[in-house]
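For this chain, numbers begin at 1 and follow the sequence in order. Heavy-atom basis, side chains included; hydrogens, waters and symmetry copies ignored.
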Amino acid sequence: MNTSSDTPQLPPESGAPRAGAHNMHSRTQASPREGPYRPRAARPSGLPHPAHRGPAPRTGRPARRSFGASHQARPPRRAARTKVEHHQSSEVRGRPQSAPVPLPAEDTVRIIPLSGVEEIGRNMTAIEFGGDIFIVDCGFAFSEVETPGIDYILPNTGYLETRKDKIRGLLITHGHLDHIGGIPYIIDRIGNPMIYTRKLTGMMIKKRQEEFSQTVPVQIREVEEDEVLKLGKATIRFFGVTHTVPDSMGIIIETPWGDAVFTGDIKLNHLDGEPSDEEKREFGIFKNRKVLALLMDSTNVWQPGFSIPESTVYKTLENIIKNGKGRLVVAMFASHLERLIRVVHFAEEYGKKIVIDGRSMRTNIEIAREIGIIKYKDDTVVAVENMMQYPQDKLIILATGAQGDEFASLARIGNKTHKYIRLQPTDTVVLSSSVIPGNERAVQKLKDNLSRQGAHIITYHASDVHASGHGNREEAVWIHRQIKPKFFIPIHGYHYMLRVHADVAEELGVPEQNIVIPDNGSIIEIQNGGEKIVKLPMKAPSELRVVEGNTVSEISDVLMRDRKALGQEGFCVVVATIDRRTGRLHKSPDIISRGFVYLRDNKDLMDQTRLIIRKSVEGSMRNPRAADLDAAREDLAESVSKFLLSRTMKRPIVIPVIVSI
């Protein structure tokens with residue numbers, strides 16, 4: 001390959017590409033278009049809006065995961081304190097504006113699931129009536145295959161941003177990231193309203209805020225589950241629900257025509273299908289209440305029967321801890337705080353020491369201890385670097401990474417890169433979580449690595465070491481019978497899950513015309529003083545908003561398309577240096593390839609490509625004084641792209657650079 005001083009240099013071919021291609025455009029007479037040239041024949045067909053995809057298996061970096069899991073393909077970006085910046089690309093600014101949404105009528109309750117109803121994650125819903133807006137939850141989702149290079153996906157709060165003066169509060173049901181993760185990125189955009197939530201959830205929000213340099217601190221008002229609030233013209237009540245994190249609660253918003261009830265994430269504490277007395281007591285509050293609308297978690301309603309109660313998992317873990325002969329490694333999500341608390345309790349009961357290996361897990365346990373949810377002696381938890389001072393059969397290691405996250409603790413143990421932990425044949429590893437769709441291969445690789453070191457592995461397939469935090473069909477049936485809503489809106493889940501939940505509600509007596517299955521941004525109104533429910537033809541803004549580093553912006557279709565093309569096909573920079581007087585090539589064209597073909601193994605292909613470059617450029621520059629360089633670059637990219645497609649059946653992004661001297 002020609003590497004004269006006129007040619008922009010890239011690192012050796014085995015290395016990762018830099019953003020040098022765009023720099024070359026700024027230094028030379030390259031095309032002024034926003035992104036690199038991609039000829040029509042090479043452009044991928046139009047992609048559906050990411051919000052409309054179903055729960056198809058995903059591959060690549062990283063798949064959407066349950067909350068508490070770590071990034072799969074790179075360590076999370078961490079700064080001492082992050083300052084969030086809000087950007088808008090020229091592509092987004094150029095989109096046509098949707099028609100303004102009119103105000104709701106005086107006898108209307110408007111409900112807008114801003115996100116979380118075509119996916120698992122980024123839950124956020126707004127309810128508006130009487131000139132007041134109340135927001136329930138503010139979560140995010142992790143990146144997925146359709147959004148390469150993105151850290152998090154946020155709800156679109158465009159509807160709320162134009163109505164900040166009407167927002168009376170942000171009500172948070174519990175402390176998982178799919179319900180609180182978006183707060184640092186969104187709260188200032190919607191006017192920094194007061195946050196109302198339980199004590200543990202409030203502490204978790206405050207802890208996350210320490211990583212961000214907000215100009216205005218968040219305002220948090222702690223509430224109790226039996227507390228009654230007056231916000232604006234409405235009365236707000238709360239009730240306790242069962243989930244995998246303490247202090248989870250449902251929310252009742254009293255409207256003039258009945259209650260709007262949000263369950264949050266929910267399952268039942270039951271014994272052989274019989275709900276506990278505590279569940280019956282909590283849901284007894286609905287016996288004499290008039291429920292206008294129920295918005296309920298749909299995640300696992302498609303699964304028949306009852307879910308495994310968490311008490312069964314506790315008994316299984318207790319037996320493993322009690323009877324274990326060697327060192328025990330328990331891996332789970334850091335967000336499964338109830339289960340973490342029980343493991344620490346069992347460790348103390350049976351005279352064992354706990355090693356907490358995982359930043360998020362350590363943070364959550366410290367918060368729970370600070371507010372008194374968990375109590376243990378100071379010497380129960382030992383530092384990982386001091387663990388060799390104790391007998392192996394007296395150690396329990398709590399580790400993150402049960403989903404195969406390559407930067408988490410368990411993965412480093414599995415591939416022998418952990419600084420302090422090496423597995424022994426006498427060790428037992430408990431994977432106390434199910435496998436999230438899309439993570440199957442990563443988890444299998446993790447189990448293989450652990451098995452090669454001789455450790456005994458226990459998974460949820462062979463033992464009751466995990467239970468979902470979302471109830472199955474029969475739990476939903478019981479809850480519906482307690483609440484008895486007039487209208488029903490299924491939320492929290494993919495469209496299929498919502499559809500199944502709607503069918504359950506209809507079987508239980510809710511008329512079909514009283515059920516609405518929403519999309520992200522759907523505007524649903526209960527009109528005429530609670531007489532009918534309709535989904536308006538217009539929608540609230542629902543384009544994806546994303547976080548990249550410390551920048552929040554609406555997703556750019558051009559950017560995502562090019563990133564996916566780079567990942568699948570690679571790119572090829574062709575550099576032609578011409579004599580401005582004659583229009584002929586000054587030297588042999590330079591070709592720089594990354595992710596396309598290895599140049600040294602494809603010399604003949606590169607030589608033929610140089611002939612195509614020469615023919616295209618010299619043909620376009622027959623009359624140098626009248627030549628159109630933009631048109632010459634277009635023709636060059638088109639010619640090279642067609643040639644490479646015919647020879648390799650690949651469509652790399654072709655970046656044409658013409659330098660005149």
Side-chain angles (χ1 to χ4, degrees), residues 1-15 17-44 562 565-566 568-661:
M1 184 174 70
N2 199 333
T3 57
S4 71
S5 59
D6 294 325
T7 305
Q9 299 297 306
L10 270 71
E13 196 163 341
S14 58
R18 294 182 190 152
H22 287 284
N23 292 337
M24 284 186 287
H25 280 271
S26 65
R27 292 197 303 264
T28 63
Q29 303 173 47
S31 173
R33 67 177 66 244
E34 177 180 327
Y37 175 80
R38 191 167 179 81
R40 285 185 296 276
R43 293 174 190 259
D562 285 342
L566 284 169
Q568 295 165 3
E569 309 282 2
F571 75 89
C572 187
V573 181
V574 293
V575 183
T577 305
I578 62 169
D579 188 318
R580 69 178 67 183
R581 294 168 299 177
T582 65
R584 302 184 66 81
L585 286 182
H586 181 70
K587 61 175 185 173
S588 177
D590 294 310
I591 301 173
I592 305 168
S593 169
R594 293 293 181 272
F596 169 48
V597 294
Y598 189 53
L599 299 182
R600 293 181 184 177
D601 293 341
N602 292 271
K603 189 175 182 302
D604 289 344
L605 175 64
M606 293 301 103
D607 288 343
Q608 294 175 43
T609 304
R610 287 187 175 92
L611 294 177
I612 296 295
I613 297 170
R614 179 181 293 274
K615 181 179 178 182
S616 174
V617 172
E618 293 187 349
S620 300
M621 304 295 292
R622 287 193 187 93
N623 186 356
R625 294 184 181 277
D628 182 342
L629 281 178
D630 284 340
R633 278 186 289 269
E634 292 273 349
D635 293 342
L636 173 58
E638 188 82 34
S639 301
V640 172
S641 182
K642 286 182 177 179
F643 172 72
L644 295 177
L645 176 63
S646 67
R647 290 296 306 273
T648 67
M649 297 306 294
K650 292 183 178 181
R651 292 186 171 115
I653 288 181
V654 175
I655 303 175
V657 180
I658 297 178
V659 182
S660 62
I661 60 173

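- For the pair Leu644 and Val597, the minimum side-chain heavy-atom distance is 4.5 Å or more.
- Interatomic distance, CD1 of Ile613 versus CZ of Phe643, reported as 9.5 Å (0.5 Å rounding).
- Between the side chain of Ser639 and the main chain of Leu636, no donor-acceptor pair closer than 3.5 Å is present.
- Side-chain atoms of Lys642 and Ile612, non-hydrogen and from C-beta on, never get closer than 4.5 Å to each other.
- Each of Val654, Leu645, Asp635 was compared with Val640 under the side chain to side chain contact (heavy atoms under 4.5 Å, CB included) criterion, and only Val654 meets it.
- Atoms CZ and CD1, from Arg614 and Ile578 in turn, are 12.5 Å apart once rounded to the nearest 0.5 Å.
- If you run side chain to side chain contact (heavy atoms under 4.5 Å, CB included) between Met621 and each of Asp579, Leu629, Ile658, only Leu629 comes through.
- In this structure, Glu569 contributes its side chain and Arg651 its backbone to a donor-acceptor pair below 3.5 Å.
- Looking at Leu611 and Asp607, their side chains never come closer than 4.5 Å, going by heavy atoms from C-beta outward.
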For the pair Glu618 and Leu585, evaluate side-chain contact (heavy atoms from CB on, under 4.5 Å) and give the outcome as yes or no after the intermediate values.
CA-CA 7 Å; Glu618 293 187 349; Leu585 286 182; 3.8 Å; yes
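- With values rounded to the nearest 0.5 angstrom, Gln568 atom CD is found 10.0 Å from Ile653 atom CD1.
- Atom-to-atom distance recorded for Met606:CE and Ser588:OG is 12.0 Å, nearest 0.5 angstrom.
- A search for side chain to side chain donor-acceptor pair (under 3.5 Å) contacts involving Gln608 returns Arg647, not counting sequence neighbours.
- Taking all atoms of both residues into account, the shortest heavy-atom contact from Val574 to Ile591 is CG1-CG1, 4.4 Å.
- Closest of all the heavy-atom pairs between Phe571 and Pro652 is CA-CB, 4.2 Å.
- Distance check, rounded to the nearest 0.5 Å: CD1 of Ile655 to SG of Cys572 gives 9.0 Å.
- Across all their heavy atoms, Ser620 and Ala627 have their closest contact at O-CB, 4.0 Å.
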